[in-house]
There are 2 protein chains.
Amino acid sequence: MTIRPAGAGRLSADDWIQAGYAILADDGLKALKIDRLCSRLCVTKGSFYWHFKDLAAFLKAVADRWGASRDERRAVIAELESLEPRERLSRMLDQFADPSGWALERAVREWARTDATVEARVAESDRWVFRAVRQVFVDLGFDADEADLRAKMLFYTAVGFIYVGPQGQRGGRRQRERMLDALTG
Amino acid sequence: MTIRPAGAGRLSADDWIQAGYAILADDGLKALKIDRLCSRLCVTKGSFYWHFKDLAAFLKAVADRWGASRDERRAVIAELESLEPRERLSRMLDQFADPSGWALERAVREWARTDATVEARVAESDRWVFRAVRQVFVDLGFDADEADLRAKMLFYTAVGFIYVGPQGQRGGRRQRERMLDALTG
DNA sequence: ACCTGAACACCGTTCAAGT
DNA sequence: ACCTGAACACCGTTCAAGT
């Protein structure tokens with residue numbers, strides 16, 4: 001939230017991870033260099049190596065943190081279980097429609113292409129979310145095949161949207177609801 | 001297609017670009033280093049700098065080549081115009097369902113996140129394809145709003161699939177056709 | 001405990017010299 | 001025309017020394 005002013009006390013590992021998140025979201029994995037982190041945090045490289053063994057350890061810490069934030073989102077979605085299916089779907093989609101995490105999400109998926117650990121985390125998160133979406137369609141009374149198909153359409157649409165960004169007319173929440181109506185009707 | 005055997009004559013700029021494609025698809029943009037290209041082609045760095053001004057010029061050449069291959073695909077899709085809409089959609093989706101280009105497609109989209117030129121090319125390609133898909137739904141008799149919505153669902157589903165890979169049961173062509181039936185019905 | 005500053009290895013880049 | 005091989009600048013890494 002607040003940017004650490006230059007010379008405002010010592011840093012924690014957390015400060016480095018936050019800065020890593022920001023660089024990742026702004027300019028992607030390629031830009032995530034120690035020098036860049038240092039200039040952002042107004043310290044020299046030695047400081048980095050006091051907090052982290054090496055770049056790989058730092059990146060692992062960043063990935064762990066991302067995994068933790070995914071676990072939080074999973075908990076939020078799990079709590080929707082008590083809602084009726086159509087409403088549950090609506091709330092799930094709200095989670096994805098928030099653009100504030102898209103840049104980071106893309107960056108992490110990009111990262112996953114060249115890092116097996118990150119890839120495994122992303123894949124596990126995808127599987128969990130997909131199953132939750134499929135379950136909604138099962139709860140709506142569709143048979144296994146039909147639920148699978150409809151869950152795919154919705155899930156891939158959401159991921160695809162994060163990558164491509166808005167196309168065509170401005171849709172917004174209204175169009176999202178119409179899409180859900182089409183998929184659940 | 002064929003790998004250039006070590007010591008088999010001199011290289012062309014084209015050989016470098018091919019090697020670049022392969023590295024990009026295999027291990028992403030981060031792995032696209034001059035040293036890596038050289039060891040793949042069995043030459044030293046000086047050779048690279050005879051063919052290309054610098055790394056940026058090489059990357060531009062690779063991007064141009066990708067743009068050219070997109071123009072070819074665009075032409076293929078444009079030629080489908082004479083087909084009836086439902087069949088046209090089926091053929092379009094066949095273009096996307098071929099996994100052989102997915103790794104490169106992801107790599108180029110990843111690249112686009114940190115390169116404005118590549119980003120512009122990808123965005124233009126996306127716009128063109130999206131409009132072609134939307135036109136099919138218009139031709140099927142849907143009004144502008146409905147065609148826009150259905151085109152989004154199909155387009156984002158295709159892009160999302162390329163990123164996430166198969167989820168749930170094995171779908172294949174049969175499930176693709178069922179999805180098209182659902183979207184066009 | 002946390003950081004500086006200088007040192008060293010690696011990859012992008014240059015260039016004179018080779019065939 | 002096309003390539004080698006050695007040189008140099010940059011960023012990841014180390015470490016003795018500072019507060």
Side-chain angles (χ1 to χ4, degrees), chain A residues 2-24 26-64 107 110-111 114-118, chain B residues 2-24 26-64 107 110-111 114-118:
Chain A
T2 53
I3 307 277
R4 193 189 83 105
R10 298 298 168 88
L11 293 172
S12 66
D14 224 69
D15 294 320
W16 289 92
I17 292 170
Q18 294 273 12
Y21 255 49
I23 293 171
L24 209 57
D26 289 345
D27 297 298
L29 187 61
K30 241 179 108 176
L32 195 46
K33 312 269 180 192
I34 297 172
D35 272 329
R36 182 93 174 254
L37 286 160
C38 289
S39 65
R40 195 177 187 104
L41 295 171
C42 304
V43 286
T44 59
K45 290 173 169 183
S47 172
F48 175 89
Y49 283 95
W50 192 89
H51 290 284
F52 303 96
K53 180 181 163 289
D54 54 18
L55 184 59
F58 171 72
L59 293 176
K60 184 183 181 320
V62 173
D64 283 341
E110 165 197 332
W111 186 4
T114 52
D115 183 309
T117 310
V118 176
Chain B
T2 52
I3 307 274
R4 193 190 83 104
R10 299 297 168 89
L11 294 171
S12 65
D14 224 68
D15 294 319
W16 290 93
I17 292 169
Q18 293 272 15
Y21 256 49
I23 293 170
L24 208 56
D26 289 346
D27 297 299
L29 187 61
K30 242 179 108 175
L32 195 46
K33 312 270 181 191
I34 296 172
D35 272 328
R36 181 93 174 255
L37 286 160
C38 289
S39 66
R40 195 178 187 103
L41 294 171
C42 305
V43 286
T44 59
K45 291 173 169 184
S47 172
F48 175 89
Y49 283 95
W50 191 89
H51 291 285
F52 302 97
K53 180 180 163 288
D54 54 18
L55 184 60
F58 171 73
L59 293 176
K60 185 184 180 319
V62 173
D64 283 343
E110 164 197 332
W111 186 3
T114 52
D115 183 309
T117 310
V118 176

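Across all strands shown, C:dA9 forms no Watson-Crick or G-U wobble pair with both key distances under 3.5 Å. Judged by Watson-Crick or G-U wobble contacts below 3.5 Å, the nucleotide D:dT19 has C:dA1 as its partner.
B:D35 has its CG atom 17 Å from the P atom of C:dA9, to the nearest Å. Computed from coordinates, the B:W50 CH2 to D:dG5 P distance equals 19 Å when rounded to whole Å. Rounded to whole Å, the distance from CZ on A:F52 to P on C:dA1 is 17 Å. The CG atom of B:D15 sits 13 Å away from the C1' atom of D:dC2 (whole-angstrom rounding). What separates CZ of B:R36 from P of C:dC10 is a distance of 17 Å, to the nearest Å. Residue A:L37 contributes atom CG, which lies 16 Å from atom C1' of C:dC3 at whole-angstrom precision.
Distance check: A:K45 NZ to A:K33 NZ gives 11.0 Å after rounding to the nearest 0.5 Å. The CG atom of A:L37 sits 11.5 Å away from the NE2 atom of A:H51 when rounded to the nearest 0.5 Å. Atoms CG and CG, from B:D115 and B:L29 in turn, are 8.5 Å apart once rounded to the nearest 0.5 Å.
Residue A:H51 places at least one side-chain N or O closer than 4.0 Å to OP1 or OP2 of C:dC3.
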B:S39 and B:D35: CA distance, side-chain angles, deciding distance, side-chain contact (heavy atoms from CB on, under 4.5 Å) verdict: CA-CA 6 Å; B:S39 66; B:D35 272 328; over 6 Å; no

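Closest contact between the side chain of A:K33 and the listed nucleotides C:dT4, D:dG12, D:dC3 involves D:dG12. Nearest nucleotide to the side chain of A:T44, out of D:dG12, C:dC3, D:dA1: C:dC3.
For the pair A:D15 (side chain) and A:S12 (backbone), a donor-acceptor distance under 3.5 Å is present.
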Sugar-phosphate or base contact per nucleotide [nucleotides 13-19 of chain D; S, B, -; heavy atom under 4.0 Å]: BBB----

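When each of A:Y49, A:F48, A:W50 is paired with A:F58, the ring pair (Phe, Tyr, Trp, His ring centres under 6.0 Å) condition holds for A:F48 and for no other.
You'll find the side chain of A:W111 stays beyond 4.5 Å of the side chain of A:L32, heavy atoms only.
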